[in-house]
Amino acid sequence: MNSYDFFAKRFLSQPSKLFLGSHSGERYTYADVERETARYANFLTGLGLQRGDRVAVQVEKSPQAIFIYLACLRAGLCYLPLNSAYQQSEIGYFLNDARPGVAICSPASQGLFARLCGEARVPHLFTLDDSGLGSFTEASVNAGPQFATVISESDDLAVIIYTSGTTGRSKGAMVTHGNLASNAQVLCDAWKITAQDVLIHALPIFHIHGLFVALNTILLSGGTLLFHRKFDPKAVIRDLSRATLLMGVPTFYTRLLAEPTFTRETCNSIRLFVSGSAPLLLDTFNEFRGRTGHTILERYGMSEAGMICANPLNGERRGGTVGMPLPGVKLRIAGDAGEPAPRGDRGVIEIKGPNVFSGYWRMPDKTKEEFTDDGFFKTGDIGVVDRDGYVAIFGRAKDLIISGGFNVYPKEIELVIDALDGVAESAVIGLSHPDFGEAVTAVIVRSHEGLMLDPGEVIAHVRSQLANFKVPKQVYFVDALPRNTMGKVQKNLLRDQFAIKK
Ligand code: AMP
(Lines give C-alpha, C1' and ligand atoms only; values in the text may rest on other atoms or scores of the structure.)
Protein backbone atom coordinates (compact mmCIF):
# COMPACT_ATOMS: atom_id res chain seq x y z
CA MET A 1 0.00 0.00 0.00
CA ASN A 2 1.11 3.57 -0.65
CA SER A 3 2.60 4.82 2.63
CA TYR A 4 0.64 8.08 2.44
CA ASP A 5 -2.59 6.07 2.24
CA PHE A 6 -1.41 3.98 5.14
CA PHE A 7 -1.07 7.13 7.27
CA ALA A 8 -4.14 8.86 5.84
CA LYS A 9 -6.61 6.06 6.41
CA ARG A 10 -6.28 6.81 10.13
CA PHE A 11 -5.77 10.57 10.23
CA LEU A 12 -8.61 11.30 7.81
CA SER A 13 -11.07 9.99 10.38
CA GLN A 14 -10.42 13.25 12.26
CA PRO A 15 -10.05 15.92 9.53
CA SER A 16 -10.40 18.91 11.86
CA LYS A 17 -7.72 17.68 14.26
CA LEU A 18 -4.62 19.88 14.43
CA PHE A 19 -1.67 18.29 12.63
CA LEU A 20 0.83 21.13 13.00
CA GLY A 21 0.98 24.33 15.02
CA SER A 22 3.83 26.80 15.35
CA HIS A 23 4.76 29.98 17.18
CA SER A 24 4.60 31.89 13.91
CA GLY A 25 0.85 31.25 13.97
CA GLU A 26 0.79 28.43 11.43
CA ARG A 27 -2.01 25.93 11.97
CA TYR A 28 -2.70 23.01 9.68
CA THR A 29 -5.38 20.42 10.31
CA TYR A 30 -5.35 16.94 8.80
CA ALA A 31 -7.89 18.18 6.22
CA ASP A 32 -5.30 20.81 5.27
CA VAL A 33 -2.66 18.09 4.91
CA GLU A 34 -4.91 16.18 2.51
CA ARG A 35 -5.68 19.30 0.46
CA GLU A 36 -2.18 20.79 0.30
CA THR A 37 -0.53 17.49 -0.58
CA ALA A 38 -3.17 16.95 -3.29
CA ARG A 39 -2.39 20.36 -4.81
CA TYR A 40 1.34 19.69 -4.84
CA ALA A 41 0.87 16.17 -6.19
CA ASN A 42 -1.32 17.55 -9.00
CA PHE A 43 1.22 20.24 -9.75
CA LEU A 44 4.22 17.88 -9.84
CA THR A 45 2.52 15.28 -12.00
CA GLY A 46 1.23 18.10 -14.21
CA LEU A 47 4.86 18.92 -15.01
CA GLY A 48 5.10 15.49 -16.59
CA LEU A 49 6.78 13.65 -13.74
CA GLN A 50 6.20 9.92 -13.83
CA ARG A 51 6.23 7.31 -11.09
CA GLY A 52 9.68 6.92 -9.56
CA ASP A 53 10.95 10.29 -10.87
CA ARG A 54 13.02 12.13 -8.29
CA VAL A 55 12.14 15.46 -6.67
CA ALA A 56 15.32 16.91 -5.11
CA VAL A 57 14.69 19.35 -2.28
CA GLN A 58 17.25 21.49 -0.45
CA VAL A 59 15.25 24.02 1.55
CA GLU A 60 14.92 25.34 5.07
CA LYS A 61 12.37 23.67 7.30
CA SER A 62 8.74 24.69 6.69
CA PRO A 63 5.29 23.03 6.75
CA GLN A 64 5.25 23.33 2.95
CA ALA A 65 8.43 21.23 2.75
CA ILE A 66 6.59 18.51 4.69
CA PHE A 67 3.69 18.72 2.25
CA ILE A 68 6.07 18.31 -0.70
CA TYR A 69 7.45 15.14 0.90
CA LEU A 70 3.94 13.78 1.38
CA ALA A 71 2.85 14.87 -2.10
CA CYS A 72 5.72 12.83 -3.57
CA LEU A 73 4.56 9.77 -1.61
CA ARG A 74 0.99 10.28 -2.85
CA ALA A 75 2.03 10.64 -6.48
CA GLY A 76 4.49 7.72 -6.43
CA LEU A 77 7.38 10.15 -7.00
CA CYS A 78 10.67 9.72 -5.20
CA TYR A 79 11.42 12.39 -2.58
CA LEU A 80 15.08 13.31 -2.35
CA PRO A 81 15.89 15.52 0.64
CA LEU A 82 19.29 17.21 0.77
CA ASN A 83 20.99 18.43 3.92
CA SER A 84 20.80 22.23 3.92
CA ALA A 85 24.53 22.34 4.75
CA TYR A 86 25.53 20.74 1.42
CA GLN A 87 27.60 23.00 -0.82
CA GLN A 88 28.19 23.30 -4.53
CA SER A 89 30.27 20.17 -5.19
CA GLU A 90 27.99 17.96 -3.10
CA ILE A 91 24.81 19.33 -4.69
CA GLY A 92 26.33 18.95 -8.15
CA TYR A 93 27.17 15.33 -7.39
CA PHE A 94 23.66 14.53 -6.08
CA LEU A 95 21.89 16.16 -9.03
CA ASN A 96 24.09 14.30 -11.52
CA ASP A 97 23.72 11.03 -9.70
CA ALA A 98 19.98 11.18 -9.04
CA ARG A 99 18.89 13.00 -12.22
CA PRO A 100 15.77 14.50 -10.67
CA GLY A 101 12.88 15.78 -12.76
CA VAL A 102 12.38 18.71 -10.39
CA ALA A 103 14.68 20.53 -7.97
CA ILE A 104 13.44 22.87 -5.24
CA CYS A 105 15.91 25.12 -3.42
CA SER A 106 16.07 28.10 -1.09
CA PRO A 107 15.82 31.47 -2.83
CA ALA A 108 19.37 32.25 -1.62
CA SER A 109 20.82 29.35 -3.62
CA GLN A 110 18.77 29.86 -6.76
CA GLY A 111 21.74 31.08 -8.83
CA LEU A 112 23.87 28.11 -7.84
CA PHE A 113 21.04 25.64 -8.47
CA ALA A 114 20.21 27.19 -11.84
CA ARG A 115 23.77 26.52 -12.97
CA LEU A 116 23.98 23.02 -11.48
CA CYS A 117 20.54 22.05 -12.81
CA GLY A 118 21.67 23.20 -16.26
CA GLU A 119 24.75 20.97 -16.05
CA ALA A 120 22.77 17.97 -14.75
CA ARG A 121 19.88 18.62 -17.17
CA VAL A 122 17.26 18.95 -14.45
CA PRO A 123 14.27 20.35 -16.38
CA HIS A 124 12.45 22.23 -13.59
CA LEU A 125 13.75 24.40 -10.77
CA PHE A 126 11.63 26.15 -8.12
CA THR A 127 12.30 28.02 -4.90
CA LEU A 128 10.78 27.74 -1.45
CA ASP A 129 11.74 29.75 1.62
CA ASP A 130 11.23 28.91 5.29
CA SER A 131 7.95 30.82 5.43
CA GLY A 132 6.60 28.70 2.60
CA LEU A 133 6.91 31.38 -0.10
CA GLY A 134 8.69 30.99 -3.41
CA SER A 135 8.15 30.06 -7.03
CA PHE A 136 7.02 26.55 -6.06
CA THR A 137 4.06 27.71 -3.97
CA GLU A 138 3.23 30.46 -6.48
CA ALA A 139 3.24 28.09 -9.43
CA SER A 140 1.13 25.46 -7.66
CA VAL A 141 -1.47 27.84 -6.22
CA ASN A 142 -4.13 26.92 -8.77
CA ALA A 143 -3.53 23.17 -8.77
CA GLY A 144 -6.57 21.07 -7.91
CA PRO A 145 -7.28 20.27 -4.22
CA GLN A 146 -8.09 16.60 -4.84
CA PHE A 147 -5.79 13.81 -5.91
CA ALA A 148 -6.28 10.08 -6.11
CA THR A 149 -3.24 8.69 -4.29
CA VAL A 150 -1.48 6.20 -6.54
CA ILE A 151 -1.45 2.56 -5.57
CA SER A 152 2.07 1.47 -4.66
CA GLU A 153 3.63 -1.87 -3.96
CA SER A 154 5.49 -2.16 -0.70
CA ASP A 155 8.85 -2.39 -2.47
CA ASP A 156 8.23 0.70 -4.62
CA LEU A 157 10.77 3.47 -4.17
CA ALA A 158 9.55 6.30 -1.92
CA VAL A 159 12.61 8.29 -0.83
CA ILE A 160 16.33 8.40 -1.56
CA ILE A 161 18.47 9.48 1.38
CA TYR A 162 22.11 10.12 0.65
CA THR A 163 24.27 8.76 3.46
CA SER A 164 26.40 11.26 5.35
CA GLY A 165 29.44 9.73 3.64
CA THR A 166 32.27 10.69 5.97
CA THR A 167 34.51 8.57 3.75
CA GLY A 168 34.20 7.77 0.06
CA ARG A 169 31.28 8.65 -2.18
CA SER A 170 27.96 9.35 -0.56
CA LYS A 171 25.49 6.61 -1.48
CA GLY A 172 21.77 7.05 -2.14
CA ALA A 173 19.84 4.67 0.11
CA MET A 174 16.59 3.67 -1.62
CA VAL A 175 13.80 3.60 0.95
CA THR A 176 10.51 1.97 -0.02
CA HIS A 177 6.86 2.59 0.85
CA GLY A 178 6.93 -0.67 2.79
CA ASN A 179 9.95 0.48 4.82
CA LEU A 180 8.19 3.71 5.82
CA ALA A 181 4.87 2.11 6.68
CA SER A 182 6.25 -0.81 8.66
CA ASN A 183 8.73 1.26 10.65
CA ALA A 184 6.10 3.87 11.56
CA GLN A 185 3.74 1.12 12.72
CA VAL A 186 6.42 -0.62 14.79
CA LEU A 187 7.41 2.63 16.51
CA CYS A 188 3.83 3.71 17.22
CA ASP A 189 3.23 0.33 18.84
CA ALA A 190 6.53 0.28 20.73
CA TRP A 191 6.20 3.81 22.09
CA LYS A 192 2.37 3.80 22.31
CA ILE A 193 2.05 6.94 20.23
CA THR A 194 -1.60 7.99 19.92
CA ALA A 195 -3.76 10.87 18.71
CA GLN A 196 -3.39 12.39 22.19
CA ASP A 197 0.34 12.88 21.70
CA VAL A 198 1.87 16.27 21.00
CA LEU A 199 5.43 16.10 19.73
CA ILE A 200 7.92 18.95 19.77
CA HIS A 201 9.49 18.74 16.32
CA ALA A 202 12.81 20.59 16.39
CA LEU A 203 14.83 18.18 14.21
CA PRO A 204 15.84 18.86 10.61
CA ILE A 205 13.60 17.24 8.00
CA PHE A 206 16.32 16.21 5.54
CA HIS A 207 17.29 13.25 7.74
CA ILE A 208 15.45 10.08 8.80
CA HIS A 209 15.13 11.15 12.43
CA GLY A 210 13.04 14.26 11.76
CA LEU A 211 11.52 13.07 8.48
CA PHE A 212 10.57 9.47 9.21
CA VAL A 213 10.72 8.77 12.94
CA ALA A 214 9.11 11.98 14.15
CA LEU A 215 6.80 12.82 11.25
CA ASN A 216 5.55 9.41 10.18
CA THR A 217 4.69 8.29 13.69
CA ILE A 218 2.65 11.43 14.31
CA LEU A 219 0.90 11.08 10.93
CA LEU A 220 0.12 7.43 11.57
CA SER A 221 -1.23 8.09 15.05
CA GLY A 222 -3.06 11.30 14.17
CA GLY A 223 -1.20 13.28 16.83
CA THR A 224 -0.01 16.88 16.70
CA LEU A 225 3.33 18.52 15.95
CA LEU A 226 4.60 21.62 17.71
CA PHE A 227 6.74 22.82 14.86
CA HIS A 228 10.09 24.45 15.61
CA ARG A 229 12.18 25.59 12.66
CA LYS A 230 15.37 24.86 14.55
CA PHE A 231 16.42 23.62 17.95
CA ASP A 232 16.53 26.51 20.42
CA PRO A 233 16.65 25.11 23.98
CA LYS A 234 14.83 28.09 25.47
CA ALA A 235 12.02 27.84 22.93
CA VAL A 236 11.74 24.09 23.54
CA ILE A 237 11.57 24.60 27.30
CA ARG A 238 8.75 27.13 26.83
CA ASP A 239 6.77 24.53 24.85
CA LEU A 240 7.37 21.53 27.10
CA SER A 241 4.22 22.08 29.14
CA ARG A 242 2.09 21.79 25.96
CA ALA A 243 3.77 18.61 24.74
CA THR A 244 3.95 14.91 25.58
CA LEU A 245 6.93 13.81 23.44
CA LEU A 246 10.35 15.08 22.46
CA MET A 247 12.62 13.35 19.96
CA GLY A 248 16.16 14.61 19.77
CA VAL A 249 19.80 14.01 19.01
CA PRO A 250 22.09 13.79 22.07
CA THR A 251 23.14 17.44 21.72
CA PHE A 252 19.50 18.49 22.34
CA TYR A 253 19.75 16.88 25.76
CA THR A 254 23.14 18.32 26.71
CA ARG A 255 21.94 21.76 25.64
CA LEU A 256 18.71 21.44 27.62
CA LEU A 257 20.72 20.43 30.69
CA ALA A 258 22.88 23.54 30.26
CA GLU A 259 19.75 25.68 30.87
CA PRO A 260 19.11 26.39 34.57
CA THR A 261 15.39 26.82 33.80
CA PHE A 262 15.19 23.21 32.63
CA THR A 263 13.76 21.44 35.67
CA ARG A 264 11.62 18.51 36.72
CA GLU A 265 8.56 20.83 36.80
CA THR A 266 9.06 21.99 33.21
CA CYS A 267 8.85 18.32 32.11
CA ASN A 268 5.60 17.55 33.94
CA SER A 269 3.48 16.89 30.89
CA ILE A 270 6.12 15.00 28.88
CA ARG A 271 5.70 11.24 28.85
CA LEU A 272 8.71 10.29 26.71
CA PHE A 273 12.10 11.68 25.69
CA VAL A 274 13.73 9.78 22.81
CA SER A 275 17.36 10.09 21.73
CA GLY A 276 19.16 8.77 18.68
CA SER A 277 21.31 9.37 15.58
CA ALA A 278 24.50 9.44 17.68
CA PRO A 279 25.56 7.87 20.98
CA LEU A 280 24.10 9.38 24.14
CA LEU A 281 26.82 9.77 26.75
CA LEU A 282 26.17 7.89 29.96
CA ASP A 283 26.82 11.13 31.87
CA THR A 284 24.05 12.87 29.97
CA PHE A 285 21.70 9.92 30.50
CA ASN A 286 22.36 9.98 34.27
CA GLU A 287 22.33 13.75 34.68
CA PHE A 288 19.05 13.93 32.77
CA ARG A 289 17.47 11.36 35.04
CA GLY A 290 18.76 13.19 38.13
CA ARG A 291 17.47 16.55 36.96
CA THR A 292 14.08 15.58 35.52
CA GLY A 293 13.22 12.14 36.87
CA HIS A 294 12.85 11.00 33.23
CA THR A 295 14.90 8.18 31.72
CA ILE A 296 15.74 8.99 28.11
CA LEU A 297 14.80 6.19 25.71
CA GLU A 298 17.75 5.64 23.39
CA ARG A 299 17.21 4.01 20.04
CA TYR A 300 19.43 3.12 17.08
CA GLY A 301 18.80 3.41 13.38
CA MET A 302 20.26 4.40 10.06
CA SER A 303 19.21 5.75 6.67
CA GLU A 304 19.42 2.27 5.18
CA ALA A 305 17.19 0.64 7.76
CA GLY A 306 15.06 3.17 9.62
CA MET A 307 14.84 2.19 13.25
CA ILE A 308 16.57 -1.04 14.25
CA CYS A 309 16.75 -1.19 18.07
CA ALA A 310 15.15 0.67 20.96
CA ASN A 311 15.12 0.56 24.71
CA PRO A 312 11.73 -0.51 26.06
CA LEU A 313 8.91 1.88 26.89
CA ASN A 314 8.01 -0.30 29.84
CA GLY A 315 10.95 -2.07 31.37
CA GLU A 316 14.54 -1.11 32.01
CA ARG A 317 16.03 1.55 29.75
CA ARG A 318 19.71 0.82 30.03
CA GLY A 319 22.13 3.72 29.61
CA GLY A 320 24.98 3.11 27.17
CA THR A 321 22.83 0.66 25.18
CA VAL A 322 20.36 1.08 22.35
CA GLY A 323 18.00 -1.54 23.73
CA MET A 324 16.76 -4.55 21.82
CA PRO A 325 15.88 -5.18 18.17
CA LEU A 326 12.42 -3.82 17.36
CA PRO A 327 9.70 -6.36 16.51
CA GLY A 328 10.29 -7.86 13.06
CA VAL A 329 14.01 -7.01 13.03
CA LYS A 330 16.45 -9.93 13.06
CA LEU A 331 19.85 -8.86 14.39
CA ARG A 332 23.08 -10.81 14.67
CA ILE A 333 26.74 -10.05 15.25
CA ALA A 334 29.28 -11.21 12.69
CA GLY A 335 32.83 -12.18 13.59
CA ASP A 336 35.90 -11.05 11.63
CA ALA A 337 35.37 -13.61 8.87
CA GLY A 338 31.63 -12.98 8.72
CA GLU A 339 30.77 -16.04 10.84
CA PRO A 340 28.17 -15.65 13.63
CA ALA A 341 29.96 -14.39 16.75
CA PRO A 342 29.24 -15.98 20.14
CA ARG A 343 27.01 -13.93 22.45
CA GLY A 344 29.00 -11.26 24.22
CA ASP A 345 31.58 -10.91 21.41
CA ARG A 346 31.98 -7.75 19.42
CA GLY A 347 31.51 -7.61 15.70
CA VAL A 348 29.62 -6.00 12.84
CA ILE A 349 25.87 -5.75 13.37
CA GLU A 350 23.89 -7.45 10.60
CA ILE A 351 20.14 -7.06 10.22
CA LYS A 352 17.18 -8.27 8.23
CA GLY A 353 13.56 -7.15 8.27
CA PRO A 354 10.86 -5.08 6.61
CA ASN A 355 12.73 -1.95 7.70
CA VAL A 356 15.79 -2.68 5.52
CA PHE A 357 16.14 -0.58 2.34
CA SER A 358 16.10 -1.99 -1.16
CA GLY A 359 19.67 -1.02 -2.14
CA TYR A 360 21.93 1.87 -3.13
CA TRP A 361 20.78 4.00 -6.04
CA ARG A 362 22.59 2.97 -9.22
CA MET A 363 25.21 0.99 -7.27
CA PRO A 364 24.25 -2.67 -7.72
CA ASP A 365 27.75 -3.89 -6.92
CA LYS A 366 28.01 -1.86 -3.72
CA THR A 367 24.53 -3.09 -2.74
CA LYS A 368 25.57 -6.70 -3.29
CA GLU A 369 28.71 -6.20 -1.21
CA GLU A 370 26.72 -4.85 1.72
CA PHE A 371 24.38 -7.84 1.95
CA THR A 372 25.28 -11.35 3.06
CA ASP A 373 24.35 -14.37 0.97
CA ASP A 374 21.41 -15.05 3.27
CA GLY A 375 20.06 -11.51 2.89
CA PHE A 376 21.32 -9.71 6.01
CA PHE A 377 22.45 -6.09 5.64
CA LYS A 378 25.90 -5.34 7.04
CA THR A 379 25.36 -2.12 8.96
CA GLY A 380 29.07 -1.34 9.41
CA ASP A 381 28.41 -0.62 13.10
CA ILE A 382 30.38 -2.59 15.66
CA GLY A 383 28.13 -3.89 18.41
CA VAL A 384 27.70 -6.40 21.15
CA VAL A 385 24.59 -8.11 22.52
CA ASP A 386 24.60 -8.72 26.26
CA ARG A 387 23.06 -11.60 28.19
CA ASP A 388 19.69 -9.85 28.42
CA GLY A 389 19.60 -9.04 24.73
CA TYR A 390 20.51 -5.33 25.01
CA VAL A 391 22.67 -4.08 22.15
CA ALA A 392 25.57 -1.66 22.68
CA ILE A 393 27.28 0.13 19.79
CA PHE A 394 31.04 0.46 19.72
CA GLY A 395 31.34 2.79 16.76
CA ARG A 396 31.71 2.21 13.04
CA ALA A 397 33.80 -0.61 11.61
CA LYS A 398 35.69 1.93 9.58
CA ASP A 399 36.69 3.72 12.81
CA LEU A 400 38.20 0.49 14.12
CA ILE A 401 41.88 1.03 14.93
CA ILE A 402 44.40 -1.67 14.16
CA SER A 403 47.45 -1.01 16.27
CA GLY A 404 50.39 -3.42 16.24
CA GLY A 405 48.06 -6.02 14.70
CA PHE A 406 45.49 -5.74 17.49
CA ASN A 407 41.92 -4.60 16.95
CA VAL A 408 41.10 -1.60 19.11
CA TYR A 409 37.53 -0.39 19.49
CA PRO A 410 37.60 3.36 20.11
CA LYS A 411 34.41 3.29 22.17
CA GLU A 412 35.93 1.05 24.81
CA ILE A 413 38.74 3.53 25.42
CA GLU A 414 36.38 6.53 25.20
CA LEU A 415 34.23 5.03 27.98
CA VAL A 416 37.29 4.66 30.22
CA ILE A 417 38.51 8.20 29.49
CA ASP A 418 35.03 9.70 29.94
CA ALA A 419 34.86 8.20 33.42
CA LEU A 420 37.94 10.16 34.49
CA ASP A 421 37.22 13.25 36.62
CA GLY A 422 37.79 16.39 34.62
CA VAL A 423 36.80 14.89 31.26
CA ALA A 424 33.66 16.19 29.57
CA GLU A 425 33.95 13.90 26.54
CA SER A 426 36.46 12.25 24.28
CA ALA A 427 37.03 10.80 20.83
CA VAL A 428 39.60 8.13 20.16
CA ILE A 429 41.05 7.86 16.66
CA GLY A 430 43.81 5.96 14.88
CA LEU A 431 46.62 7.93 13.24
CA SER A 432 49.03 6.29 10.89
CA HIS A 433 52.24 5.33 12.62
CA PRO A 434 55.46 3.81 11.21
CA ASP A 435 55.76 1.04 13.83
CA PHE A 436 52.23 0.30 14.91
CA GLY A 437 50.37 0.81 11.64
CA GLU A 438 47.97 3.01 13.55
CA ALA A 439 48.57 4.77 16.85
CA VAL A 440 45.71 5.10 19.34
CA THR A 441 45.16 8.82 19.85
CA ALA A 442 42.77 10.49 22.30
CA VAL A 443 41.17 13.87 21.69
CA ILE A 444 39.59 15.21 24.86
CA VAL A 445 37.30 18.04 25.92
CA ARG A 446 38.04 18.96 29.54
CA SER A 447 35.23 19.94 31.91
CA HIS A 448 35.40 23.02 34.14
CA GLU A 449 36.87 20.95 36.95
CA GLY A 450 39.43 19.40 34.62
CA LEU A 451 41.32 22.41 33.36
CA MET A 452 44.54 21.13 34.95
CA LEU A 453 44.19 17.60 33.57
CA ASP A 454 47.29 16.62 31.61
CA PRO A 455 48.05 13.86 29.09
CA GLY A 456 50.11 11.87 31.61
CA GLU A 457 47.11 11.47 33.93
CA VAL A 458 44.91 10.29 31.07
CA ILE A 459 47.49 7.76 29.92
CA ALA A 460 48.05 6.47 33.47
CA HIS A 461 44.29 6.12 34.00
CA VAL A 462 43.77 4.11 30.78
CA ARG A 463 46.85 1.99 31.53
CA SER A 464 45.39 1.07 34.92
CA GLN A 465 42.25 -0.30 33.27
CA LEU A 466 43.03 -1.60 29.79
CA ALA A 467 45.60 -3.65 27.93
CA ASN A 468 48.74 -1.82 26.90
CA PHE A 469 47.97 -1.76 23.19
CA LYS A 470 44.80 0.24 23.93
CA VAL A 471 46.62 3.00 25.79
CA PRO A 472 46.75 6.25 23.77
CA LYS A 473 50.16 7.13 22.41
CA GLN A 474 49.11 10.78 22.19
CA VAL A 475 46.51 12.88 23.99
CA TYR A 476 45.25 16.18 22.63
CA PHE A 477 42.89 18.65 24.30
CA VAL A 478 40.31 20.63 22.32
CA ASP A 479 37.51 23.04 23.26
CA ALA A 480 34.84 21.03 21.45
CA LEU A 481 34.59 17.95 19.25
CA PRO A 482 33.55 18.65 15.64
CA ARG A 483 30.01 17.39 15.03
CA ASN A 484 27.74 17.30 12.01
CA THR A 485 24.16 18.57 12.15
CA MET A 486 22.93 15.22 13.48
CA GLY A 487 25.33 15.37 16.44
CA LYS A 488 27.76 12.75 15.11
CA VAL A 489 31.41 13.34 15.98
CA GLN A 490 33.33 13.85 12.73
CA LYS A 491 36.35 11.67 13.39
CA ASN A 492 37.57 12.20 9.84
CA LEU A 493 38.11 15.89 10.67
CA LEU A 494 40.02 14.97 13.83
CA ARG A 495 42.18 12.53 11.87
CA ASP A 496 42.98 15.29 9.36
CA GLN A 497 43.67 17.86 12.06
CA PHE A 498 46.01 15.75 14.16
CA ALA A 499 47.71 13.82 11.37
CA ILE A 500 49.58 17.02 10.53
CA LYS A 501 50.86 17.42 14.09
CA LYS A 502 52.33 13.92 14.17
P1 AMP B 1 22.36 8.04 9.56
O2 AMP B 1 22.17 7.13 8.41
O3 AMP B 1 22.86 9.40 9.20
O4 AMP B 1 21.14 8.10 10.41
O5 AMP B 1 23.51 7.42 10.47
C6 AMP B 1 23.35 6.14 11.00
C7 AMP B 1 24.47 5.83 11.95
O8 AMP B 1 24.36 6.63 13.13
C9 AMP B 1 24.41 4.42 12.46
O10 AMP B 1 24.94 3.50 11.53
C11 AMP B 1 25.21 4.52 13.73
O12 AMP B 1 26.60 4.49 13.44
C13 AMP B 1 24.86 5.91 14.24
N14 AMP B 1 23.82 5.88 15.29
C15 AMP B 1 22.50 6.10 15.18
N16 AMP B 1 21.89 5.99 16.38
C17 AMP B 1 22.86 5.70 17.28
C18 AMP B 1 22.88 5.47 18.68
N19 AMP B 1 21.79 5.55 19.43
N20 AMP B 1 24.07 5.15 19.26
C21 AMP B 1 25.20 5.08 18.52
N22 AMP B 1 25.24 5.31 17.20
C23 AMP B 1 24.09 5.61 16.58
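One-based numbering, in listed order, for ligands and for the atoms of each. Counting begins at 1 with the first residue of the sequence.
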Aromatic contact, F206 with Y162 (centres under 6.0 Å): no
Would you say Y300 has any N or O atom under 3.5 Å from an N or O of ligand 1, going by distance alone? no
ring-ring contact (aromatic ring centres under 6.0 Å, His included) contacts in which one or both residues fall within residues 53-78, not counting sequence neighbours: Y28-F67, Y69-Y79
Which option out of S277, G487, S275, G395 puts a heavy atom nearest to atom 13 (C) of ligand 1? S277
I need the atoms of ligand 1 closer than 4.0 Å to a non-hydrogen atom of E298, numbered in the order shown. 18 (C), 19 (N), 20 (N)
For V322, state whether at least one heavy atom is located under 4.0 Å from any atom of ligand 1. yes
Backbone N or O of Y4 within a donor-acceptor pair of the N2 side chain at under 3.5 Å? yes
Could you tell me whether ligand 1 has any atom less than 4.0 Å away from a heavy atom of D381? yes
Contact region, M486 to ligand 1, non-hydrogen atoms below 4.0 Å, reads neither
Counting both backbone and side chain atoms, is some N or O of R396 under 3.5 Å from an N or O of ligand 1? yes
Tell me, please, whether Y360 has K171 positioned over its six-membered ring: NZ or CZ under 6.0 Å from the ring centre and within 45 degrees of its axis? yes
Do R317 and T295 meet the criterion of a side-chain donor-acceptor pair at a distance under 3.5 Å? no
At a 4.0 Å threshold, what atoms of ligand 1 neighbour a non-hydrogen atom of R299? 16 (N), 18 (C), 19 (N)
Going by atom types only, do D155 and T176 share a side-chain donor-acceptor pair under 3.5 Å? no
Between F357 and F377, does the ring centroid distance fall short of 6.0 Å? yes
Is the closest N or O pair between T379 and ligand 1 shorter than 3.5 Å? no
Is H207 in contact with ligand 1, taking contact as a heavy-atom separation below 4.0 Å? yes
